[in-house]
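To start, the structure itself, in structure tokens.
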Amino acid sequence: MDTNNLTPNNQASRSWLGAQLAAGISRGNFATYLFAVFISSGYAGALAVLQPGLLHVMGIAQDTQAMVTGYLSAMQELVFILLLGSAGALSDRIGRRPVYVFGLALTGIGFVLYPHASSITQLFAYRMLVAVGSAAMIGMMVTVVADYASESSRGRANGLQALAATLGAFIPPILASLPQVFSGRGMDELAAQQLTFAVGGALGIVAAVVALFGLAPRVIQTASAARESLAQTLLGGLKAARDPQTALSYGAAFISRGDLAVTGAFISLWLVQYGTRELGMTASEAMFQLAVPRVLATVAGALLGSVIMGRIADRTSRVNAVALASGLAAIVYSAVFLIQDPTANWVIGLLFVMGIAEISAFVSSQALVGQQAPEAYRGATIGFFGVAGAFGILLGTSGGGVLFAKVSPSAPFVLFGFLNFAVCIWSIWLSKRLTRQTTTPESSTVSAVATSQ
């Protein structure tokens, strides 16, 4: 666990915004962390919004833009799969702060360089910088909250983190409006794109400086952990999946990140296609009149769900919280099959509940892995949690794209409805198993040991 220099006066845990902080963590540390989450989350969706305009300005042919976009996204997810575990293991040895600062700074630098690419090869090189920085940044975004929250407040702390992350989702559309503002002041389109990306990059640099001075210093290592190599630390995190609750958290990460990816990738696309094809709108009209209100309904649901699930996860077992969240998501995502007209008024209500469901799955899975991750291998364990989420995103975007185009626009949502149902059944089974263990005298000791790991 990350700590400040402890004194008798600051060793007692504090509470902030309803969350009890771990001993040695100040309110300033946690506020700094939430600011870093806000910026990190903004970066998560920024390229998806900004990149299409840049590719157009670069003169890349329209029939090539989709292919380049797909390859760039796939490369970033591959980097996440390869590096998230290593970033977590490294943070177990040198501390969360240097890894988080590195991630924010490198992502910011990558953003500044991105619009200066003069070829597709350079674009891939700069995207690689963003991907490596994002792997460290996103890994620490999930790991630090596990260090900073006391056991009794993991749900509420993860709810606050999800709230900050949801607010960060407003950063990309704000950045997307800047090229028009800059070009309206006489800049050519390329210069407007470059200045927009520079503003986005500056956010990461500022957040890196704030994190450097505001996050708690390096972790306290046990003697055994200090002697271990990075590979041994990584292996320790991988072995943590033998714990049934940790394994469940990985499954929940897979579906919760996939839920977010499917919603983000296909709701707006479905509405824009329907508006242009069925209602005779232009793409910009369909985006503004149809997509934006419904996306905002989803965001509003996520804001509410982050608070509700944070409290629920602290009032019941974390396994039960995963069961509740995945069960709700199973119902909501499967119900998308019933949509014939995505512009119908009742769909707005469904998307509001979808926002609650997807963020609830996100919060409950993080609370569970934070509870179960062994302290010596917490970063590595949560890194593999992130890897599972990256696979979910890959399935949601790539596999979901095929289903959207070849089957129906509702197909990706129905797929994740079934996957959420599977995780719900898994959670209920595990909850009953854990209940039997705690009520059986001869197994109570074993259960207590497993829970503490």
Side-chain angles (χ1 to χ4, degrees), residues 1-3 22 33 36-37 40 76-107 128-149 154 158 161 208 211-212 215-243 245-254 257 365-394 452-453:
M1 179 182 67
D2 290 354
T3 62
Y33 165 69
V37 168
S40 302
Q76 178 155 322
E77 292 306 319
L78 180 61
V79 170
F80 281 7
I81 290 169
L82 293 175
L83 293 186
L84 276 170
S86 298
L90 181 64
S91 77
D92 285 332
R93 296 183 58 79
I94 68 172
R96 320 296 186 211
R97 183 170 65 177
V99 178
Y100 210 159
V101 169
F102 168 80
L104 288 164
L106 187 62
T107 303
M128 179 66 74
L129 290 180
V130 174
V132 173
S134 296
M137 177 181 68
I138 298 301
M140 292 305 97
M141 187 176 81
V142 180
T143 304
V144 171
V145 70
D147 289 337
Y148 283 15
R154 290 198 186 281
N158 278 280
Q161 184 229 42
L212 178 63
L215 293 180
R218 61 173 294 163
V219 296
I220 297 176
Q221 297 174 324
T222 62
S224 60
R227 291 194 298 267
E228 290 182 347
S229 66
L230 181 61
Q232 289 173 318
T233 304
L234 194 61
L235 183 61
L238 186 61
K239 288 180 177 179
R242 293 182 297 187
D243 169 56
Q245 294 184 70
T246 302
L248 173 63
S249 76
Y250 288 2
F254 178 87
R257 299 325 188 259
S365 63
Q366 286 195 174
L368 179 59
V369 75
Q371 168 188 289
Q372 294 301 117
E375 186 171 357
Y377 304 110
R378 181 174 288 160
T381 302
I382 297 179
F384 285 114
F385 172 89
V387 170
F391 276 113
I393 293 171
L394 268 180
S452 66
Q453 291 179 344

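Only heavy atoms go into these numbers, but all of them, side chains included; no hydrogens, no water, no symmetry mates.
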Are the side chains of [Y] and [X] in contact, using a 4.5 Å heavy-atom criterion?
{"X": "Val387", "Y": "Phe80", "result": "no"}
{"X": "Ser365", "Y": "Phe385", "result": "yes"}
{"X": "Gln76", "Y": "Val79", "result": "no"}
{"X": "Tyr33", "Y": "Asp147", "result": "no"}
{"X": "Leu84", "Y": "Phe384", "result": "no"}
{"X": "Ser249", "Y": "Gln372", "result": "no"}

Smallest separation among heavy atoms of Arg96 and Ser91, with atom names: NH1-OG, 2.9 Å

Closest non-hydrogen atom pair, Val145 against Gln161: CG1-NE2, 4.3 Å

Candidate pair Thr381 and Tyr250, rule side chain to side chain contact (heavy atoms under 4.5 Å, CB included), full reasoning: CA-CA 10 Å; Thr381 302; Tyr250 288 2; 3.4 Å; yes

Which side-chain N or O atoms in residues 128-144 pair as donor and acceptor under 3.5 Å with protein atoms at least two apart or in another chain?
unit_1: Ser134; atom_1: OG; unit_2: Val130; atom_2: O; d: 2.7
unit_1: Thr143; atom_1: OG1; unit_2: Gly139; atom_2: O; d: 2.8

Listed partners of Glu77 passing side chain to side chain donor-acceptor pair (under 3.5 Å), at least two apart: none

Donor-acceptor under 3.5 Å (Tyr148 side chain, Ala216 main chain): yes

Salt bridge (charged side-chain N to carboxylate O under 4.0 Å, His left out) involving Arg257 - partner list, sequence neighbours excluded: none

Test log, rule side chain to side chain contact (heavy atoms under 4.5 Å, CB included), inputs Gln371 and Gln245: CA-CA 9 Å; Gln371 168 188 289; Gln245 294 184 70; 3.4 Å; yes

Pair Tyr100-Ser40, side-chain donor/acceptor within less than 3.5 Å: yes

